[in-house]
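Worksheet: the structure to be examined is printed underneath.
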Amino acid sequence: MSQVLLEADQIKMYFGGIKALDGVSLSVGSQTIHTVIGPNGSGKSTMFNVLTGFYRATGGHIAFCGKEITGSAPHRISEMGMARTFQTLRLFPEMTVLENVIVGMHSRIRETFWSAALHLPSAANEERVAYEKAEQILEMVGLSAKNRQPAKSLAYGEGRLLEIARAMASEPKVLLLDEPAAGMNPSETKQVMELIRKLCQRGLTIVLVEHDMKVVISYSDMVTVLDHGKKIAEGAPKEILQNEAVITAYLGKRREHHA
């Protein structure tokens with residue numbers, strides 16, 4: 001059993017009379033790929049927003065690395081070692097690929113405005129280290145050859161890789177990826193998922209929202225299934241595939257049994 005790194009207990013998120021999350025609990029083991037699935041409107045992205053501080057939960061508790069983070073601001077959670085991407089690309093299109101990655105380091109840069117403005121040696125050294133680290137990250141995701149190009153010049157799949165690279169720049173312990181393979185062709189999907197697997201093998205913990213069941217089965221260590229704001233199943237991918245409640249949620253009817 002891996003150590004629990006991120007734990008959500010009985011999370012509730014109400015928007016007026018709408019119960020987007022209604023008592024959902026989640027335990028994410030260290031150095032695993034934990035995937036959250038469910039039909040549209042089941043609460044997956046809402047869960048991500050609560051875990052990362054973008055939404056303040058109506059009820060429940062969240063612990064990260066053994067510390068309570070319920071109600072913490074997104075930048076505080078990021079500083080603790082949690083990073084995320086979103087369903088839609090959120091790059092800085094006019095900035096270079098390299099500059100987009102460096103933006104992700106803002107929570108780790110310690111030099112002040114004045115040290116940079118006065119061109120102090122410490123600021124120059126930190127800038128050099130930041131560029132070197134950004135280059136290494138781009139090499140890891142396969143974008144080093146395009147480091148000087150504007151982000152807007154990248155193909156869609158490359159933009160997804162750049163988002164992951166930028167998230168990696170904050171030195172996270174846990175990386176939450178909201179549909180990282182959405183809109184990709186099979187080749188691009190395999191490329192990004194193999195990168196995610198490699199990151200996990202290097203010690204990173206990954207939490208995914210994903211719709212492609214082939215991806216879920218092939219890459220997940222644990223799967224949590226949401227439906228109408230509630231957790232209806234959790235387990236290993238093959239167990240989830242056979243779960244009647246999951247089949248009903250996705251297909252709208254129970255699987256027929258044949259003799």
| message | Does Thr189 form a side-chain contact (heavy atoms from CB on, under 4.5 Å) with Val215? I'd like the steps, not just the answer. | response | CA-CA 8 Å; Thr189 296; Val215 170; 3.6 Å; yes
| request: Run the numbers on Leu195 and Leu199 for side-chain contact (heavy atoms from CB on, under 4.5 Å), then give the verdict. | output: CA-CA 6 Å; Leu195 169 63; Leu199 294 176; 4.2 Å; yes
| task | Apply side-chain contact (heavy atoms from CB on, under 4.5 Å) to the pair Asn100 and Glu163, showing each step before the final yes or no. | result | CA-CA 8 Å; Asn100 267 270; Glu163 277 204 322; over 6 Å; no
| request: I would like to know whether Lys12 and Asp22 meet salt bridge (charged side-chain N to carboxylate O under 4.0 Å, His left out); could you show each step before the answer? | output: CA-CA 5 Å; Lys12 298 178 181 179; Asp22 192 17; 5.1 Å; no
| message | I'd like to know whether Phe48 forms a ring-ring contact (aromatic ring centres under 6.0 Å, His included) with Tyr55, so could you lay out the CA-CA distance, the side-chain angles of the two residues, the decisive distance to 0.1 Å, and finally the verdict. | response | CA-CA 9 Å; Phe48 266 33; Tyr55 290 165; over 10 Å; no
| said: Show, in sequence, the C-alpha distance, side-chain angles and deciding distance for Glu135 and Ser144, and conclude whether the side-chain hydrogen bond (donor to acceptor under 3.5 Å, both in side chains) test is met. | reply: CA-CA 6 Å; Glu135 294 277 13; Ser144 59; over 6 Å; no
| Checking side-chain contact (heavy atoms from CB on, under 4.5 Å) for the pair Leu6/Leu51: CA distance, chi angles, key distance, verdict? | CA-CA 9 Å; Leu6 175 62; Leu51 291 173; 4.2 Å; yes
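Checked by atom type and distance alone, the side chain of Ser153 pairs as donor or acceptor with a backbone atom of Pro150 at under 3.5 Å. A donor-acceptor pair under 3.5 Å is absent between the side-chain atoms of Ser78 and the main chain of Pro74, judged by distance alone. Judged by distance alone, with hydrogens and angles left aside, the side-chain atoms of Lys230 form no donor-acceptor pair with the main-chain N or O of Val24 at under 3.5 Å.
Side-chain polar atoms of Ser42 and Asp227 form no donor-acceptor pair below 3.5 angstrom. Between the side chains of Gln149 and Thr96, no donor-acceptor pair is found at a separation under 3.5 Å. Counting only N and O atoms by type, the side chains of Ser30 and Gln3 include no donor and acceptor under 3.5 Å apart. When only modelled atom types and interatomic distance are considered, Asn49 and Arg84 share a side-chain donor-acceptor pair under 3.5 Å. No hydrogens or angles considered: nothing links the side chains of His61 and Gln10 as a donor-acceptor pair under 3.5 Å. Inspection of the His34 and Thr224 side chains reveals an N or O donor paired with an N or O acceptor under 3.5 Å.
Side-chain contact between Lys173 and Met82 is absent, with no heavy atoms from C-beta onward closer than 4.5 Å. Residues Leu208 and Ile196 have side chains in contact (heavy-atom distance under 4.5 Å, counting atoms from C-beta outward). A heavy-atom distance below 4.5 Å is found between the side chains of Ile164 and Leu175. Glu7 places none of its side-chain heavy atoms less than 4.5 Å from the side chain of Leu26. At least one side-chain heavy atom of Glu94 sits under 4.5 Å from a side-chain heavy atom of Lys152. The side-chain heavy atoms of Arg166 and Leu91, taken from C-beta on, include a pair separated by under 4.5 Å. By the 4.5 Å heavy-atom criterion applied to side chains, Thr70 and Arg56 are not counted as neighbours. Between Met184 and Val192, some side-chain heavy-atom pair lies under the 4.5 Å cut-off.
Not counting sequence neighbours, the partners of Glu194 by the side chain to side chain contact (heavy atoms under 4.5 Å, CB included) test are Lys190, Arg197, Tyr219.
One hydrophobic cluster, built from ILVMFWY side chains closer than 4.5 Å, holds both Met213 and Val223. The hydrophobic cluster containing Tyr14 does not contain Met47, counting ILVMFWY residues as joined when their side-chain heavy atoms lie under 4.5 angstrom apart, directly or transitively. Residues Met222 and Leu204 do not share a hydrophobic cluster, defined by chaining ILVMFWY side chains whose heavy atoms lie under 4.5 Å apart.
Distance check, rounded to the nearest 0.5 Å: NZ of Lys19 to NE2 of His228 gives 13.5 Å. Between the CG atom of Leu5 and the SG atom of Cys65 there is a distance of 4.5 Å, given to the nearest 0.5 Å. For the atom pair OG (Ser170) and CD (Glu79), the distance works out to 10.5 Å, reported to the nearest 0.5 Å. To the nearest 0.5 angstrom, Asn243 atom CG is 8.5 Å from Thr248 atom OG1. In this structure, Leu177 CG and Arg160 CZ are separated by 9.5 Å, a value rounded to the nearest 0.5 Å. Taking CD1 of Ile206 as the start and CD1 of Ile33 as the end, the distance is 6.5 Å to the nearest 0.5 Å.
Closest heavy-atom contact between Lys231 and Leu226: CA-CD2, 3.8 Å. Scanning both residues, Ile232 and Ala245, for their nearest heavy atoms gives CD1-O, 3.7 Å. Here the shortest heavy-atom pairing between Val207 and Val174 reads CG2-CG1, 4.1 Å. Between Pro39 and Ala249, the closest heavy-atom pair is CG-O, 3.6 Å. Heavy atoms only, all atoms of each residue included: Ala134 and Leu98 are closest at CB-CD1, 3.4 Å. Taking both residues in full, the closest heavy atoms of Gly29 and Thr32 are given as O-OG1, 2.6 Å, listed atom of the first, atom of the second, then distance.
Checked against a 6.0 Å centroid threshold, the rings of Phe86 and Phe54 count as neighbours.
Of the charged side-chain nitrogens involved, at least one lies within less than 4.0 Å of a carboxylate oxygen, so that Lys133 and Glu171 count as a salt-bridged pair. Salt bridge annotation for Lys146-Glu158: present, with a cationic side-chain nitrogen under 4.0 angstrom from a carboxylate oxygen.
Shown are Leu176, Ile69, Asp178; of these, the side chain to side chain contact (heavy atoms under 4.5 Å, CB included) with Thr52 is made only by Leu176.
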